[in-house]
Protein chains: 2
Amino acid sequence: MSTSLHHRAIENLGTRIITGELPTGHIMLAEHLEEELKVSRSVVREAVRVLQSLGLVETTKRVGIRVLPPSRWNPFDPQVIRWRLSSDARGAQLRSLIELRSAVEPAAAELAANNAPAQLRRELVDIAHALRDAGHTGDAQKFLELDIAFHSVLLSGSGNEMFANLMGQVAETLTGRTVHGLMPDHPHEGALQWHVDLAEAVAAGDAATARDASEQIMRRTTSRLSGTWTDQPRVFIPVRRN
Amino acid sequence: MSTSLHHRAIENLGTRIITGELPTGHIMLAEHLEEELKVSRSVVREAVRVLQSLGLVETTKRVGIRVLPPSRWNPFDPQVIRWRLSSDARGAQLRSLIELRSAVEPAAAELAANNAPAQLRRELVDIAHALRDAGHTGDAQKFLELDIAFHSVLLSGSGNEMFANLMGQVAETLTGRTVHGLMPDHPHEGALQWHVDLAEAVAAGDAATARDASEQIMRRTTSRLSGTWTDQPRVFIPVRRN
DNA sequence: TGACACCGATGTGTGCAGACATCAAAACTC
DNA sequence: GAGTTTTGATGTCTGCACACATCGGTGTCA
């Protein structure tokens with residue numbers, strides 16, 4: 001009972017829309033949702049308002065609550081990402097996230113090398129070394145934690161709040177690939193060293209080397225995971241013109 | 001009155017939070033907001049719920065509605081971006097967006113060269129040529145439209161819905177710099193050519209050349225705009241650990 | 001007779017007011 | 001200081017009035 005009715009209503013409707021159980025164009029009536037979810041109007045209305053702000057539905061008088069096409073969903077919203085990761089579109093969502101990370105992390109490494117405060121640089125180096133050790137000992141749990149911490153500190157150190165905000169999504173992908181048995185027992189030795197190189201380049205303010213190391217890491221991550229989404233068709237969002 | 005009370009309430013509170021008029025930690029009471037905004041409880045509650053989903057506020061029983069620190073705001077939400085662009089943090093927001101674009105667009109160019117459907121490739125080439133013409137004639141209005149269209153089609157052609165979703169934000173930055181008189185009367189000849197090169201590389205499926213051209217464009221854009229945010233301090237979002 | 005413009009009925013979201021339930025902070029008791 | 005009670009804010013529910021997009025009927029004109 002820790003979650004509010006409001007929150008449960010959002011979760012229920014959001015999940016069903018993302019999975020396609022409530023398809024694009026499907027029209028619901030607020031009154032009908034009250035009965036179905038066994039909650040009052042106020043709960044339904046507040047939930048619909050939130051889903052509206054996420055681009056999942058729109059409301060029209062005399063018509064009802066209409067489910068919008070995926071092209072209108074806000075693909076950066078943490079909730080939307082979470083719902084997609086636990087749906088059939090999981091592969092497509094992972095591919096999007098990895099492509100985004102591949103673009104962003106090298107840039108973040110460069111920025112961190114130029115701008116990060118000294119404490120974050122030290123922290124990054126420490127984590128990189130601990131990560132290499134955990135990789136050698138084969139402690140998967142600790143490795144995962146350090147891996148998440150490493151990329152989080154890097155993104156945070158970029159000083160770009162949009163980059164930093166991707167921490168959560170990165171954590172999801174890293175956790176996901178461990179849970180799904182996509183990690184080898186002993187991580188790739190080269191990858192461990194690239195993390196150390198990246199951290200030390202950031203610490204030394206060497207932006208070019210930091211970027212190179214990050215690109216190496218992301219290239220390897222991409223190639224290791226690309227098998228997950230080979231069957232996923234690409235979706236081309238139409239250009240919205242005024 | 002095309003805008004609903006609900007929407008106006010969100011706009012009012014969102015703006016005041018982003019500008020800092022309602023500072024981090026500030027506590028409001030729903031009852032008080034009713035009086036202040038001259039609206040009913042339901043309007044206030046629905047607005048607060050949306051702001052909550054954007055990470056701008058949190059509600060606690062027996063306490064009230066608390067304004068959250070900027071590190072909790074969702075920096076990818078279009079509304080948040082819009083509010084920040086029209087606040088004192090405008091420079092910092094522009095810098096973040098340009099850095100994001102600089103990271104994403106070259107990657108999008110590469111993906112588009114590999115995956116975009118034929119029609120989008122043709123469209124991109126057409127727009128690039130029209131853009132060069134508009135640059136030569138000096139039609140600023142048309143140039144802006146074509147510039148937005150070009151980058152929108154490119155991002156759309158990447159087949160990554162997160163990249164594609166940045167169209168709106170890109171349009172904001174391009175429109176912004178025109179409105180604020182940051183554009184020269186006649187665009188840089190090299191930049192015009194880079195757009196054509198990029199389009200033709202995408203059309204030819206030449207990913208490396210497409211990326212290079214895109215990097216050129218973004219480098220120039222960054223250097224032209226960097227004066228806008230020289231005084232803006234960087235903010236380092238703390239790493240959120242569980 | 002058929003096509004079209006008008007207009008009122010209908011249904012649905014929007015906004016309002018008031019009540020009770022719940023629960024955590026704060027005050028109090030021992 | 002630990003446990004208990006009080007209190008005050010959000011959470012939830014309900015009935016009502018209103019705004020307004022859609023639909024179907026009516027009337028007009030060709």
Side-chain angles (χ1 to χ4, degrees), chain A residues 1-17 22-69 72-74 79 242, chain B residues 1-17 22-69 72-74 79 242:
Chain A
M1 277 295 268
S2 68
T3 62
S4 63
L5 291 180
H6 163 71
H7 187 264
R8 265 188 285 173
I10 291 180
E11 205 66 26
N12 181 316
L13 293 175
T15 306
R16 288 161 66 195
I17 290 173
L22 300 173
T24 298
H26 179 77
I27 287 180
M28 302 166 293
L29 271 45
E31 192 185 1
H32 178 240
L33 289 178
E34 294 177 37
E35 301 171 10
E36 188 185 331
L37 304 178
K38 300 281 200 303
V39 293
S40 70
R41 268 210 312 288
S42 51
V43 173
V44 169
R45 285 174 49 169
E46 287 164 26
V48 167
R49 278 275 140 85
V50 171
L51 296 174
Q52 194 177 26
S53 86
L54 301 182
L56 265 59
V57 302
E58 73 180 355
T59 60
T60 315
K61 281 182 181 174
R62 170 76 198 191
V63 174
I65 301 152
R66 182 186 290 113
V67 176
L68 293 174
R72 300 283 298 277
W73 303 345
N74 181 353
Q79 294 188 101
N242 303 340
Chain B
M1 280 306 136
S2 68
T3 63
S4 62
L5 288 182
H6 163 71
H7 188 263
R8 265 187 285 172
I10 291 180
E11 205 66 26
N12 181 317
L13 293 175
T15 305
R16 289 162 64 194
I17 291 173
L22 301 174
T24 298
H26 180 76
I27 287 180
M28 303 167 290
L29 270 45
E31 191 186 3
H32 178 240
L33 289 178
E34 293 178 38
E35 301 171 11
E36 187 184 330
L37 304 179
K38 299 283 199 302
V39 293
S40 71
R41 181 123 183 254
S42 51
V43 173
V44 169
R45 289 185 50 80
E46 287 164 27
V48 167
R49 279 274 137 86
V50 171
L51 296 175
Q52 193 176 26
S53 86
L54 300 183
L56 265 59
V57 302
E58 72 180 356
T59 60
T60 314
K61 280 185 176 176
R62 171 81 195 193
V63 173
I65 301 152
R66 191 192 341 262
V67 176
L68 293 174
R72 299 284 299 277
W73 303 346
N74 181 352
Q79 294 189 101
N242 303 338

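Only a predicted model underlies this, so the values are computations on that prediction, with no experimental measurement involved. To find a chain, count down the sequence lines: A is the first, B the second, and so on, and within it residues start at 1. Worth knowing before you read on, the calculation uses all heavy atoms, side chains too, and leaves out hydrogens, waters and symmetry mates.
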Between Gln79(A) and Ile10(A), does a side chain to side chain contact (heavy atoms under 4.5 Å, CB included) hold up when you go through it step by step? CA-CA 10 Å; Gln79(A) 294 188 101; Ile10(A) 291 180; 4.0 Å; yes
Checking contacts here: which listed nucleotide (dA9(D), dT14(D), dA19(D)) is nearest the side-chain heavy atoms of Arg41(A)? dT14(D)
Students often get this wrong, so: under 4.0 angstrom with heavy atoms, is Thr59(A) touching a base, only sugar-phosphate, or nothing? sugar-phosphate
Once you round it to whole Å, what is the distance between P of dG11(D) and NE2 of His7(A)? 13 Å
Look at the side chain of Val43(B) and decide which nucleotide, out of dG8(D), dC13(D), dG15(C), has an atom nearest to it. dG15(C)
Selected nucleotide, minimal atom distance to Arg45(B) side chain, candidates dT22(D), dC16(C), dT12(D): dT12(D)
Looking at every non-hydrogen atom in both residues, tell me the closest pair between Leu33(A) and Met28(A) and how far apart they are. CD2-SD, 4.1 Å
Proximal nucleotide (of dA21(D), dT14(D), dG15(C)) relative to the Lys61(A) side chain: dA21(D)
No-hydrogen, no-angle side-chain donor-acceptor test under 3.5 Å, Asn12(B) and Arg16(B): yes
Given the rule in the side chain to side chain contact (heavy atoms under 4.5 Å, CB included) test, do Val44(A) and Arg41(A) qualify, once you have shown the distances and angles that lead to the verdict? CA-CA 5 Å; Val44(A) 169; Arg41(A) 268 210 312 288; 5.7 Å; no
Map Lys38(A) and Ile65(B) onto DNA chain D by nearest heavy atom, then report which one ends up closer to the 5' terminus. Ile65(B)
Ignoring the backbone of Leu29(A), work out which of dT12(D), dG8(D), dT12(C) is nearest its side chain. dT12(C)
Leu33(A) atom CG is separated from dG13(C) atom P, nearest whole Å, by 9 Å
Given atom CG of Leu51(A) and atom P of dG13(C), what is their separation to the nearest angstrom? 14 Å
Quick one: the side chain of Arg62(A) and the base of dT10(C), do they pair up donor-acceptor inside 3.5 Å? yes
Report which part of the nucleic acid Arg66(B) touches: base, sugar-phosphate, or nothing (heavy-atom distance under 4.0 Å, all strands). nothing
dA21(C) P sits how many Å from Leu5(A) CG, rounded? 15 Å
Check every atom of dT12(D), dT10(D), dA17(C) against the side chain of Ser40(B) and return the nucleotide holding the closest atom. dA17(C)
From C-beta outward on Arg49(A), which listed nucleotide comes closest to its side chain: dC16(C), dG15(C), dT10(D)? dG15(C)
Protein-nucleotide distance (Arg8(A), atom CZ; dG11(D), atom P), rounded to Å: 14 Å
Counting only heavy atoms not in Glu31(A), do more than 12 sit closer than 6.0 Å to its CD atom? no
